[in-house]
2 protein chains.
Amino acid sequence: MTKTARKSPEEKLLLAARRLFCQAGIHATGITRILEEAGVARQSLYTHYGSKENLLKAVLDTEANMWFQWFDLDLPALKCSPSQRILALFDLIEKWFEKEDFFGCIFVNAVAEHEKDSGWVRDMAGTYRDQIIDRLGALVMESGARNPDVVVQKLGLIIEGAIITAMVTQNSKAAHIARLAAEDVLRCTEWLPSKAETSASVAAMESMEST
Amino acid sequence: MTKTARKSPEEKLLLAARRLFCQAGIHATGITRILEEAGVARQSLYTHYGSKENLLKAVLDTEANMWFQWFDLDLPALKCSPSQRILALFDLIEKWFEKEDFFGCIFVNAVAEHEKDSGWVRDMAGTYRDQIIDRLGALVMESGARNPDVVVQKLGLIIEGAIITAMVTQNSKAAHIARLAAEDVLRCTEWLPSKAETSASVAAMESMEST
DNA sequence: ATGAAATTAGACTGATCGGTCTATTTTTGA
DNA sequence: TCAAAAATAGACCGATCAGTCTAATTTCAT
């Protein structure tokens, strides 16, 4: 096996902050508690991140990168139709919900806790959200939906609903329900004739509901 | 016109707290700011509510009552089929989103900002959520769906997705998208033969998409 | 009109917060 | 091996927080 390289204070802080910010809230989590959780000295936080605010920004970056990896690496690696790739996203989300340290989405937490009219939190969350929706949009375009914009908005709404439902109920089955709802949306979607993919192929999905 | 009865300090505090808790976050909103916004003396908050925590509880109560009024008064007053009542809920939600002081759902804010494993916030939000879902479930049962539980979970997820999407994007059209997604779900739902309502009636809904 | 009750203004407290500073110990690379 | 860099422990600071207290003022029922 590879050498179990000890985690750097930088990484330990990032992991502790991500968990505590989600589990207990951002404002409710004091610097001191993050330091205890990370097992790191007070000064290390400020040499590496400069402020609690910058630490939060770093946490938001890592969460966004999780989504980017799903869309840019994990989903393209699947050998299946675009429609099935869309549905496979919900399986990735389910794995996320199943982690023992899942306590909701840090983006939702951050927006909920901060000023909603303006501010860097809103800007940052909006920017990353747009980038994620763009990737989802590319997937929907690829699938040949006739009204891709509406489909993307429906799916995005279902994904956000799944995240909130999983956070509130602490039950990962929200991802499965979300997948079922997404299948309903796709089943009601009209498709362009050009692509080989037909509405029949979407109807066929029903038989391959996973796990 | 009726006498414009001056608002009591109690009510002014409740309204100011609700807006500020949603607009800027609960922890981020100090007592002093609520008092300024309400135009009320510091002591009045403590004679009427006893603590910031109790004020938050009162705000959560009023938000829950909004939902109860929708389900217990507004929707039953509509002369239409249960399926159409379900869809009409999304119109009520849209009116909610359109209010200029809509900044998300205080329940989501509260859960997001507090400990997610335990605590009174989680308990209170869970209890009220169950009561709201129960009412939605009664509506779905009434409509004669073959698998009402799954339908309720799909619809609940779509509703929560709409709330988050509207909060993040500050756009009330999320309610309309949610309604379209809900129509897809209902269109894919199997119905009991006993009731007069048939899948044909659900298909007919398409032509009456409002606004 | 009047007295009790409600409301107000604002100083004040103890606790906690994010952040700084210093001195000591540990780690690391040549 | 040994000096430089990184990380540690923990005291400390000013600001802000929720909540208390007192005294003056307004409201309102009789």
Side-chain angles (χ1 to χ4, degrees), chain A residues 2-60 106 109-110 112-115 119-121 124, chain B residues 2-60 106 109-110 112-115 119-121 124:
Chain A
T2 62
K3 216 182 294 184
T4 40
R6 296 275 276 288
K7 284 172 191 159
S8 67
E10 212 165 339
E11 192 181 355
K12 287 194 279 188
L13 281 167
L14 198 65
L15 292 174
R18 183 164 75 137
R19 228 208 51 196
L20 289 171
F21 284 163
C22 281
Q23 183 169 2
I26 298 164
H27 285 106
T29 299
I31 290 290
T32 306
R33 186 151 168 227
I34 298 176
L35 298 170
E36 288 169 0
E37 185 83 7
V40 151
R42 199 173 186 80
Q43 184 68 16
S44 296
L45 192 158
Y46 291 95
T47 56
H48 288 298
Y49 294 100
S51 68
K52 184 188 182 183
E53 184 173 306
N54 284 340
L55 180 57
L56 172 59
K57 287 180 185 173
V59 171
L60 291 172
I106 184 63
N109 270 37
E113 291 202 33
H114 291 81
E115 198 76 33
W120 68 268
V121 172
M124 193 168 170
Chain B
T2 62
K3 217 181 293 182
T4 40
R6 296 274 277 288
K7 283 174 192 159
S8 66
E10 212 166 339
E11 192 182 355
K12 286 194 280 188
L13 281 167
L14 197 65
L15 293 174
R18 184 163 74 135
R19 228 208 51 197
L20 288 171
F21 284 162
C22 281
Q23 184 170 1
I26 298 164
H27 285 106
T29 299
I31 290 292
T32 306
R33 187 149 168 229
I34 297 176
L35 298 170
E36 289 170 358
E37 185 83 6
V40 150
R42 199 173 187 78
Q43 184 68 18
S44 297
L45 191 157
Y46 290 96
T47 57
H48 288 299
Y49 294 99
S51 67
K52 184 187 182 183
E53 183 174 305
N54 284 340
L55 180 57
L56 172 59
K57 287 180 185 174
V59 171
L60 292 172
I106 184 63
N109 271 36
E113 291 202 32
H114 291 81
E115 198 76 32
W120 69 267
V121 172
M124 193 168 169

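Protein chains get the first letters and strands the later ones, always in sequence-line order, with residue 1 at the start of each. Computed over heavy atoms, backbone and side chain alike; hydrogens, waters and symmetry mates excluded.
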### Query
What is the distance from NZ of B:K52 to C1' of D:dT16, rounded to the nearest Å?
12 Å

### Residue B:Y46, side-chain heavy atoms: nucleotide from D:dA7, C:dG19, D:dG19 that is nearest
D:dG19

### Query
Side chains of B:R33 and B:L20: does their closest heavy-atom pair fall under 4.5 Å?
yes

### Message
What contact category does B:S51 fall into here, base, sugar-phosphate, or nothing, at under 4.0 angstrom with non-hydrogen atoms?
### Response
sugar-phosphate

Distances for protein N/O vs nucleotides 8-13 of chain D N/O pairs under 3.5 angstrom?
| from | atom 1 | to | atom 2 | distance (Å) |
| --- | --- | --- | --- | --- |
| D:dT8 | OP2 | A:A41 | N | 3.1 |
| D:dT8 | OP2 | A:S44 | OG | 2.7 |

#### Entry: Any A:Y49 side-chain heavy atom under 4.5 Å of A:V59 side chain
no

#### Entry: B:T29 side chain reached by B:R19 side chain, heavy atoms, under 4.5 Å
no

#### Entry: Distance in angstrom units between B:L35 CG and D:dT20 P, rounded
13 Å

### Message
Using whole Å, what does the distance between atom P of nucleotide C:dC17 and atom CG of A:L56 come to?
### Response
17 Å

### Task
Let me know the distance between CD of B:E11 and P of C:dT7, rounded to the nearest Å.
13 Å

### Task
Give, for atom NZ of B:K7 and atom CD of B:E11, the distance between the pair rounded to the nearest 0.5 Å.
6.0 Å

### Gap between atoms CD and C1', on A:E10 and D:dA7 respectively (whole Å)
13 Å

### Query
Would you say the side chain of B:E37 lies within less than 4.5 Å of the side chain of B:K12, judging by non-hydrogen atoms?
no

### Interatomic distance, B:L60 atom CG to B:W120 atom CH2 [nearest 0.5 angstrom]
6.0 Å

### Summary
Computed from five pairs at either end and rounded to 10 degrees, the angle between the axes of the helix from C:dA1-D:dT30 to C:dA30-D:dT1 is 30°

### Query
Hey, what do you get for CZ (A:R18) to CD1 (A:I34), rounding to the nearest 0.5 Å?
13.5 Å

### Query
To the nearest 0.5 Å, what is the distance between NZ (B:K52) and CZ (B:F21)?
5.5 Å

### Task
Nearest 0.5 Å please: distance from the CG atom of A:L35 over to the CD atom of A:Q43.
10.5 Å

### Query
Can you tell me if the side-chain N/O atoms of B:H48 get under 4.0 Å from OP1 or OP2 in C:dT7?
yes

### Query
Could you state the interatomic distance from CZ (A:R42) to OG1 (A:T47), rounded to the nearest 0.5 Å?
13.0 Å

#### Entry: 4.5 Å side-chain heavy-atom contact, A:I26 and A:I106
yes

### Value in whole Å for how far the C1' atom of D:dA18 lies from CD of B:E53
12 Å

### Summary
In whole angstroms, the gap separating P of C:dA9 from CD of B:E36 amounts to 11 Å

### Task
Could you tell me the separation between the CD1 atom of B:I31 and the C1' atom of C:dA11, rounded to a whole number of Å?
17 Å

### Query
Where along residues 13-29 of chain B does a heavy atom come under 4.0 Å from DNA chain C, residue by residue in number order?
none

